[in-house]
Amino acid sequence: MPPSPSADFGPWTPWTTGPRFTPRSLAETLDGGQAFRWRRAADFFEGRWDDRVVRLRLLKDRLEYAAPTGVDPLPALRSYLAAEVDFAALTDELPWRSDPVLRCAIEAFPGLRLLRQPLGETLLGFLCSSTKQIVQIKAICESLAADLGPALPDGSRALPGWERLAEAGEDRLRAAKLGYRARHIHQTARFLAERPGWLDELAEAETGPARERLLQLPGVGRKIADCVLLFGLARYEAFPIDTWVLKLLAQAYGLPAWSPAQLQDFARIHFGPRAGLAQQYLFAAARAGIIRA
DNA sequence: GCACAGGTAGATT
DNA sequence: AATCTACCTGTG
C-alpha cells in the first residue's frame, strides 16, 4: 500500500450528475481487479492513474470527489469512469432475462462499471498479473512506482512509463517482486521504447487487429490482451477468460471440458457485443461467492 | 512442507 | 489442435 503522504487535499465536492453506485459496486469497480492502484481508507477510496491522485466516496449513494489542492480532477474522472456511458442501458441489453446466473450477478452489483484506464498502465498492470492475487498485483505496482515512478503532487509516485521501464534492467524489475514477469515487462518495454506511437496506433485499430497486435508483446496472451482491450480501450466485446470465469462457465453454465476457444465462442454468441460487461458481473459474483464457481 | 494464485510460451504428443 | 511444463514468489 502506498503511504498516504501528507498532502493537502481540497474539499469534498459532490458530483451530483455522476455515476450511481452502491457501496458494493463502487468497491468492486475501483478495487475489484480492473485497476490496481486504489486503496481503501476509513470512509473513502484513494486512487492513482497517469499523474492523478483522486479520492472518491459515497455519501447517501451520491459520489463525492477530492483531489490535491488546486487540482480539478473532474475531467479526468469523467474519462476514467466512462461517465458518458450508460452502463445500466448496456446491462439491460445483456441476456439476463433468459440467464438466471447472469441475472443473479447483475442484481448483486447494481451500478458496476467498466473503467477506461490509460492504455499503457493497463498493459503494465496486467503484465504483472499472471498467477497473482489482486493484493499481490497491487503490491507489485506499488513497488514499481516507488522504485521507478515520477513523483505526484501529494508526494507519492505514479507508475513508471515504458521508457523508464526499458531503461531499468530486468534485475531491477525482479527486485520489485515481479519474478518471471520481469522478463516479459523488460522485453515489452524495450519493444515499445523502439516503437514510439505503437500504443497510440493500437488505440485506433479495430478490436480484432488491436488484439492481434497486443498478442505480439512478450508476456501478453489472450487473457491479458482482452483485459487491456476491456479495461484500457473500452472494447466491451472483449471477454477475458481467467480461472474464475473458466470455473464459472464450467460449473454454473454446465460447460465442463470446453476449451478456451470454445468458451470464447460461447461468450460471444450468448452474451453478445457487450460480453465484457457480463464477464465483469460474473467475475465479481464468482469472487464474492454469490455464484458457485 | 506444499498447493495455489486474474497466465504465457515453448515443447511434446 | 490438445495437453504438459517451466517460469518466480508470497501466502495459506
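Chain identifiers are assigned alphabetically (A, B, ...) following the order of the sequence lines, protein sequences preceding nucleic acid strands; residue numbering begins at 1 within each chain. Just so you know, these numbers use all the heavy atoms, side chains as well, and skip hydrogens, waters and symmetry mates.
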For A/G32, report the nucleic acid contact type (base, sugar-phosphate, nothing); a contact means any heavy atom under 4.0 Å. base

Can you see whether A/Y253 engages A/D99 through a side-chain donor-acceptor pair at a distance of less than 3.5 angstrom? yes

Evaluate the side-chain proximity of A/K132 to A/R181: yes if any heavy-atom separation is below 4.5 Å, no if none is. yes

Give the rounded distance in Å between these two atoms: CD of A/Q216 and C1' of B/dA9. 16 Å

When we call it a touch if two heavy atoms are under 4.0 Å apart, what does A/Q262 touch: a base, just sugar-phosphate, or nothing? nothing

In whole angstroms, the gap separating P of B/dG7 from CG of A/L214 amounts to 17 Å

With hydrophobic residues grouped by side-chain heavy-atom distances under 4.5 Å, do A/L119 and A/L144 end up in a single group? yes

Roughly how many Å is it from CD1 in A/I137 to P in B/dC4, rounded to a whole number? 19 Å

Side-chain donor-acceptor contacts of residues 199-206 of chain A below 3.5 Å, not counting sequence neighbours, with atom names and distances?
none

Whichever of A/L215 and A/I134 has the more 5' nearest nucleotide on DNA chain B, that residue is A/I134

Go through DNA chain C and write down every stem, that is, every run of at least three consecutive Watson-Crick or G-U wobble pairs with distances under 3.5 Å, as range with range. B:2-5 with C:9-12, B:7-13 with C:1-7

Spacing between A/F126 atom CZ and B/dT8 atom P, to the nearest angstrom: 11 Å

Taking atom P in both B/dA11 and C/dC8, what distance in whole Å separates the two? 16 Å

Result of checking A/W96, A/F239, A/Y236 against A/F271 for ring pair (Phe, Tyr, Trp, His ring centres under 6.0 Å): A/F239

Considering every strand and a 4.0 Å limit on heavy-atom distances, what is the contact class for A/Q187: base, sugar-phosphate, or nothing? nothing

Heavy-atom count check: over 12 atoms from other residues, nucleotides or ligands less than 6.0 Å from A/R190 CZ? no

Taken to the nearest 0.5 Å, the spacing of A/T207 OG1 from A/D226 CG works out to 9.5 Å

For A/W198, does the six-membered ring have the charged nitrogen or CZ of A/R213 within the cation-pi criterion, i.e. under 6.0 angstrom from the centroid and within 45° of the normal? yes

A/L127 has an atom CG; how far is it from atom P of B/dA5, in whole Å? 20 Å

For the pair made of NE2 in A/H186 and C1' in B/dA9, what is the distance, rounded to whole Å? 18 Å

Heavy atoms under 4.0 Å, any strand shown: does A/L217 hit a base, just sugar-phosphate, or nothing? sugar-phosphate

Which is true for A/G33 with a 4.0 Å heavy-atom rule: it touches a base, it touches only sugar-phosphate, or it touches nothing? base

I'd like to compare against my own output: the B/S/- annotation of nucleotides 5-12 of chain C with a strict under-4.0 Å heavy-atom distance to protein. --BBBS--

Whether A/R24 engages the ring of A/F109 as a cation-pi pair (distance to the six-membered ring centre under 6.0 angstrom, angle to the ring normal within 45°) should be assessed. yes

